[in-house]
There are 2 protein chains.
Amino acid sequence: MVLIGAFQARHLLDRFAVGFGIYFTYMRKLARIFDVAKEAGVSPGTVSKVLNGTQRMAADTEARVWKAVSKLGYQANWHARILSTGRSEALGVVILDILNPHFTALVKGAGQVASNQGYTVLLADAEEDPGRELNLIQSLRARTDGLILAGSRLSDQQIASLHSPEQPIVTVGRRIPGVPSVTVDEYTASLQLTGHLVTQGCKRIVYLAGPPFWVNQERERGYQDALALAGLPSQVFKLTSPDLLGGEQASALLWTVQPFPDGVICYNDLVAIGLMASLKTLGVKVPQDVAVAAFGNHPLAAHLSPSLTHMEIPSRKLGELATGLLVELLKKPQEASHVQQYAVLRPRGSTQRPEVA
Amino acid sequence: MVLIGAFQARHLLDRFAVGFGIYFTYMRKLARIFDVAKEAGVSPGTVSKVLNGTQRMAADTEARVWKAVSKLGYQANWHARILSTGRSEALGVVILDILNPHFTALVKGAGQVASNQGYTVLLADAEEDPGRELNLIQSLRARTDGLILAGSRLSDQQIASLHSPEQPIVTVGRRIPGVPSVTVDEYTASLQLTGHLVTQGCKRIVYLAGPPFWVNQERERGYQDALALAGLPSQVFKLTSPDLLGGEQASALLWTVQPFPDGVICYNDLVAIGLMASLKTLGVKVPQDVAVAAFGNHPLAAHLSPSLTHMEIPSRKLGELATGLLVELLKKPQEASHVQQYAVLRPRGSTQRPEVA
DNA sequence: TCCGCTTTAGAAAACGCTTTCCTAATACAA
DNA sequence: TTGTATTAGGAAAGCGTTTTCTAAAGCGGA
């Protein structure tokens, strides 16, 4: 399994950073607080207080301590410090796949906010070792003050049972009673996207469904409702995986529909891209034969040929908000709150049907 | 700054994973080894020995311990354990930008190998807080047993001074005397790629240069040598940043060349993609007016329009090899070794010049 | 000059785990 | 039986911090 995180150095040591490195070569062991204390002619407790600003000391004492720190290139032992304080000042982020740009953008956002707030982020790539996810999460939990779950396959109940005021959990793209969350209004997004295809004149619109969690449920529901409203038939296929490969394999599914669909809504960008590649090799033209649209914010959606229409999901913003929320909860425990964002329709070439344009 | 890592739970606890979660809700504090010992009627030392398999115990004692562990949902405190053993069983990976697929692929590879070897990976995104990179690396170092530097802006000297047998460093894409490394034969790759453009009939080939480190030096050298061999002029421009944005901005540079270049070699895929997008808006046709090629392994290179010719860099493999090497060094210190891989030319549409094809 | 209050800094006890002795108990051979 | 070899499991000393408690010193006011 893979952990990813945002890391922050201790602020008080920053100013002495330059030049540190050179000492390491000559040191057998890293300097301990005891060594600094000896060098400065004070006690370890005093050094700790000066470094953390916990208690003011005489000016010259502080100066001696800082000088010793600088001279020895002292870095506090992270683990000892955590053990002593009981706070790791680290947040855990669980994502489904580090190769999916949605999640990396989310991590980027989370990392930035965490960094500003003085936290480190540890990231776990759940895909790497499926089946042991609960295990992964518990271990991650043991190392952090709180968790952001952005792509977990755990059940609602499991997640709810892990959430506690001392070690809060924030979910992204998933609504569980009692658990704080940050979500996109996927239902409305899906209504809009499906509506867009209808407007483009599509009559036989298929939905390629992702993992059976909240996000997909909402997207599927919006799709169904929009089609019902338009008086059109619906057809849902389950993807083998919500990525490029899954998209490529999905083209086979489409042939089971007679006549061939004239519109496809994909669970995410990667699926759409994989699908379009596969359709191209099969000689099916996008958007002339079939329009393709997706949910996501792949940075290259506009660079493809045809460019990809999607409901733009603010991945990075989600990461930022989730982290902000988690930090709030850590500062003072409070009621679970739900933050909602909105997706934006980006109409592009993949749904620009000739008869309409 | 952002840390990313691969995480692994302690193997011996795996079998008891299912069902753990439910206990957390009712527990004020996490169970300690002392609680387990009391529950099992043994001493903490015994519990430790059973859990780690350090010393064999009577069968029924072991059974009682495991039962207590399971009942209390015990998870060893990670930090206490590290403090005690002195080994964190974590590796640090420093990358330049988590949004760059080259680095995420590398991390994926590193995470997998690390996981297999019982290590956790912590990843730092250096881009998030440039200027404090030395600081970041030192802090990362304080938490891990060894480091993989895949995108550092530190000087060779700084890196060399950080490397030690106790806390080894492996660089990726950078050759520093005395420091183990994993690299691609960038020089040959560049010779090949430039040669490909020459073969395609390009006469005025420009190179868009990345950060001034080993990789770029080698690519630039290969470019220069290939052109010298072909008796063609060379022209190098420095990118503002080695990503999409940098590529977009680079189109402005090309206009300073008269007549307009008919071939561009980009430091990486993202640059090429940004450049092509920018050229498209300017009405410059690729590959008719100018051929574009790059180094990289962007998963969508083949999906673009035109599809992108590049020397395929085995990013994931690099991550795997670097991690393997680092683990070796951790097992038993040895001479710094250098592992080399090769890039593969993937000719695609962006260099398929009409007069040749 | 003395008393009490504030500041400065040290001693020592956690934090939760591992690991090294070391003892007591058991098994085995003579 | 006795003596020796082996094994099971406990006691306690770290690992490097932080933090609380307390003593000493310095200071102003009476």
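None of these values were measured; they are calculated from a predicted model.
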Under 4.0 Å: is that the gap between some side-chain N or O of B:Ser84 and OP1 or OP2 of C:dT19? no
Could you tell me whether the phosphate oxygens of C:dG10, OP1 or OP2, come under 4.0 Å of any side-chain nitrogen or oxygen in A:Thr46? yes
Quick check for you: among C:dG16, C:dT19, C:dC17, whose closest atom lies nearest to any side-chain atom of B:Leu83? C:dG16
B:Thr61 side chain N/O closer than 4.0 Å to the phosphate oxygens (OP1, OP2) of D:dG9? yes
What's the NZ-P distance between A:Lys38 and C:dA11, to the nearest Å? 15 Å
Does a side-chain N-to-carboxylate-O contact under 4.0 Å join B:Glu328 and B:Lys332? no
Check: B:Arg174 and B:Ser181 side chains under 4.5 Å, non-hydrogen atoms: no
Assuming nearest nucleotide by heavy-atom distance, tell me which of B:Val42 and A:Gln55 is located more 5' along DNA chain D. B:Val42
Have a look at B:Gly45 and say if it touches a base, only the backbone sugar-phosphate, or nothing, with a 4.0 Å heavy-atom cut-off. base
If you define the side chain from C-beta out and look only at heavy atoms, does anything of A:Lys49 sit under 4.5 Å from A:Arg56? no
Report yes if a side-chain nitrogen or oxygen of B:Asn52 is closer than 4.0 Å to either non-bridging phosphate oxygen (OP1 or OP2) of C:dT18; otherwise report no. yes
Atom pair distance, as rounded to whole Å: CD1 in B:Ile33 and C1' in C:dC17: 6 Å
Judged by each residue's nearest nucleotide on DNA chain D, which is more toward the 5′ side, A:Lys49 or B:Ala80? B:Ala80
